[in-house]
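Take a look at the structure below.
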Amino acid sequence: MKIGIVGLPNVGKSTLFNSITNAGAECANYPFCTIEPNVGVVPVPDERLDVLEKMYEADKKTHAIIEFVDIAGLVKGASKGEGLGNKFLSHIRETDSILEVVRCFDDSNIVHVDGSVDPIRDIETINLELVLADLETVNKRIERAAKLAKGDKKYLVEEETFKKVRDALEGGKPARTVSLSDEEEELIKDAFLLTKKPILYVANISENDIGKEENEYVKKVKAYAKNENAETITLCVKIEEELSALDGEDKKEMLEALGLEESGLDKVIRKSYELLGLMSFLTAGKKEVRAWTIKKGTKAPQAAGKIHSDFERGFIKAEIVSYNDLVKNGSYQKVKELGLVRLEGKDYVMQEGDIVEFKFNV
């Protein structure tokens, strides 16, 4: 799953990306230092794997992963190709969700592309470009559906659905705010609308604001996000970059000194995982303990297919124990004796924290 990190130039995008991935994307105090998207694959924090690794004395531990893409800064007119507009929009189109970094601090040493700090103006600059790009797509689809409806009435529904979306876009609202039926959702799916993607706002604050009451900039961003049914995470990108260079005890000490329970980046990764409607199931043994990424609502055979296509093709049963039951009782043998290991069939919907062994025959 790909998450695109976006924002106006110089809001902390690439610094956040560096912190998340330690990939060292070039950072500079001028627009467009990130021209090609940098991609980083990041493990999803999961303490359960540490526990299972010890319990099974596993040779290997493998986290579920999520992919972050650092996308070039955007300016007004991107939907018309201004700046790196065309590249910016095509790179967003390839992602599953958007992480929008918004500057929520004053600093005369860091240039703002519009000359002053105003997070709502920044958000609206980006959202407007995405809305304008979507309007172009939607108008083409309305035109196409209207022509096809003359020969086939089923296209009338498609035309009306896209008109609903167009009305919202013309009012400056993203497509994700439009209430659609399952059938209508399916009709617009292949339009790959930019404003349909789920979005998480990252309010980037200064070091001086850590642990204090939210500043006015952050309050405005949260209110704006709430109107969009979106969420906001507040963090200091500069501090996160410092934290990302530390390990173990050093990192723990710095977090304690800052009065934080976990790094903002761990929150970003977890929240991004939730944003995409993802969950993890686990496999455990001497060779490896591992978390596997699936969509919430996935059934057992399709989950098995994540491991290997043969597992799905020849699926018989899934032998499942919940992580909590296993940890509470201390061993697989014990949970088996207590009757806490279940055999589930092809209609079983996987649950967060299921530890599973798939039975299959090809």
Side-chain angles (χ1 to χ4, degrees), residues 3-21 27 29 31 34 42 45 66 68-71 73-74 92 95 97-130 174 176-177 195 197-244 255 258-276:
I3 295 177
I5 304 179
V6 304
L8 291 181
N10 299 339
V11 296
K13 256 180 7 321
S14 294
T15 308
L16 178 65
F17 176 79
N18 289 351
S19 308
I20 290 173
T21 64
C27 281
N29 183 19
T34 314
V42 189
I66 205 159
F68 285 91
V69 185
D70 180 22
I71 296 170
L74 169 143
I92 292 182
T95 65
S97 72
I98 299 168
L99 195 70
E100 187 168 331
V101 185
V102 189
R103 180 170 158 184
C104 290
F105 65 91
D106 294 302
D107 186 336
S108 56
N109 295 316
I110 300 176
V111 180
H112 190 288
V113 73
D114 286 327
S116 64
V117 177
D118 182 343
I120 302 307
R121 180 197 59 209
D122 292 358
I123 289 172
E124 288 180 342
T125 296
I126 287 186
N127 286 0
L128 178 62
E129 297 308 325
L130 302 183
R176 63 181 161 272
T177 61
T195 64
K197 295 179 188 292
I199 191 164
L200 175 65
Y201 292 104
V202 173
N204 182 14
I205 59 172
S206 74
E207 295 163 82
N208 298 330
D209 282 342
I210 294 173
K212 292 182 184 172
E213 192 184 333
E214 289 171 352
N215 67 37
E216 289 307 308
Y217 294 142
V218 175
K219 286 176 183 171
K220 285 177 182 175
V221 172
K222 285 195 165 180
Y224 187 96
K226 198 174 178 183
N227 269 344
E228 267 196 358
N229 297 323
E231 291 196 55
T232 308
I233 282 180
T234 305
L235 56 80
C236 172
V237 168
K238 194 176 175 190
I239 288 292
E240 295 301 328
E241 188 175 37
E242 290 174 32
L243 278 167
S244 70
L255 283 169
L258 292 164
L260 301 171
E261 287 181 18
E262 66 174 341
S263 76
L265 298 180
D266 281 356
K267 282 185 195 168
V268 165
I269 294 165
R270 284 183 209 279
K271 192 55 75 176
S272 300
Y273 205 63
E274 287 170 24
L275 196 64
L276 292 167

Kindly indicate whether the side chain of Lys212, heavy atoms from C-beta on, has any atom under 4.5 Å from the side chain of Ile205. no
What's the shortest heavy-atom distance between Val268 and Leu200, and which atoms? O-CD2, 4.4 Å
Run the side-chain contact (heavy atoms from CB on, under 4.5 Å) check on Glu228 and Asn127 step by step: do they pass? CA-CA 11 Å; Glu228 267 196 358; Asn127 286 0; 3.1 Å; yes
Distance from Ser19 atom OG to Leu265 atom CG, nearest 0.5 Å? 5.5 Å
Counting only heavy atoms not in Lys220, do more than 12 sit closer than 6.0 Å to its NZ atom? no
Test side-chain contact (heavy atoms from CB on, under 4.5 Å) on Asp106 and Tyr217; report intermediate values, then the result. CA-CA 10 Å; Asp106 294 302; Tyr217 294 142; 2.9 Å; yes
Taking atom CG of Asn204 and atom CD of Glu100, what is their separation to the nearest 0.5 Å? 12.5 Å
Just verifying a value: how many Å separate Leu235 CG and Leu243 CG, rounded to the nearest 0.5 Å? 10.5 Å
Value for CD (Glu207) from CZ (Phe105), rounded to nearest 0.5 Å, stands at 9.5 Å
Between Asn215 (side chain only) and Cys104 (backbone N and O only), is there a donor and an acceptor less than 3.5 Å apart? yes
Stepwise salt bridge (charged side-chain N to carboxylate O under 4.0 Å, His left out) check, Glu262 with Lys267: CA-CA 8 Å; Glu262 66 174 341; Lys267 282 185 195 168; 5.4 Å; no
For Asp122 and Leu8, indicate whether the former's side chain and the latter's backbone hold a donor-acceptor pair under 3.5 Å. no
Do Glu240 and Ser263 have side-chain heavy atoms sitting under 4.5 Å apart? yes
Below 4.5 Å, heavy atoms only, C-beta onward: do Ile3 and Leu275 meet side chain to side chain? no
Can you tell me how far CG of Asp118 sits from CD of Glu124, rounded to the nearest 0.5 angstrom? 8.5 Å
Does the side chain of Ile92 come within less than 4.5 Å of Lys197's, by heavy atoms? yes
side-chain contact (heavy atoms from CB on, under 4.5 Å) between Phe68 and Ile269, intermediate numbers included: CA-CA 9 Å; Phe68 285 91; Ile269 294 165; 4.0 Å; yes
Intermediate values then yes/no, side-chain contact (heavy atoms from CB on, under 4.5 Å), Val101 and Thr15: CA-CA 10 Å; Val101 185; Thr15 308; over 6 Å; no
Check: Lys222 and Lys219 side chains under 4.5 Å, non-hydrogen atoms: no
With rounding to the nearest 0.5 Å, note down the distance linking OG1 in Thr234 to CD1 in Ile210. 11.0 Å
Salt-bridged, Lys238 to Glu241, with N to O below 4.0 Å? no
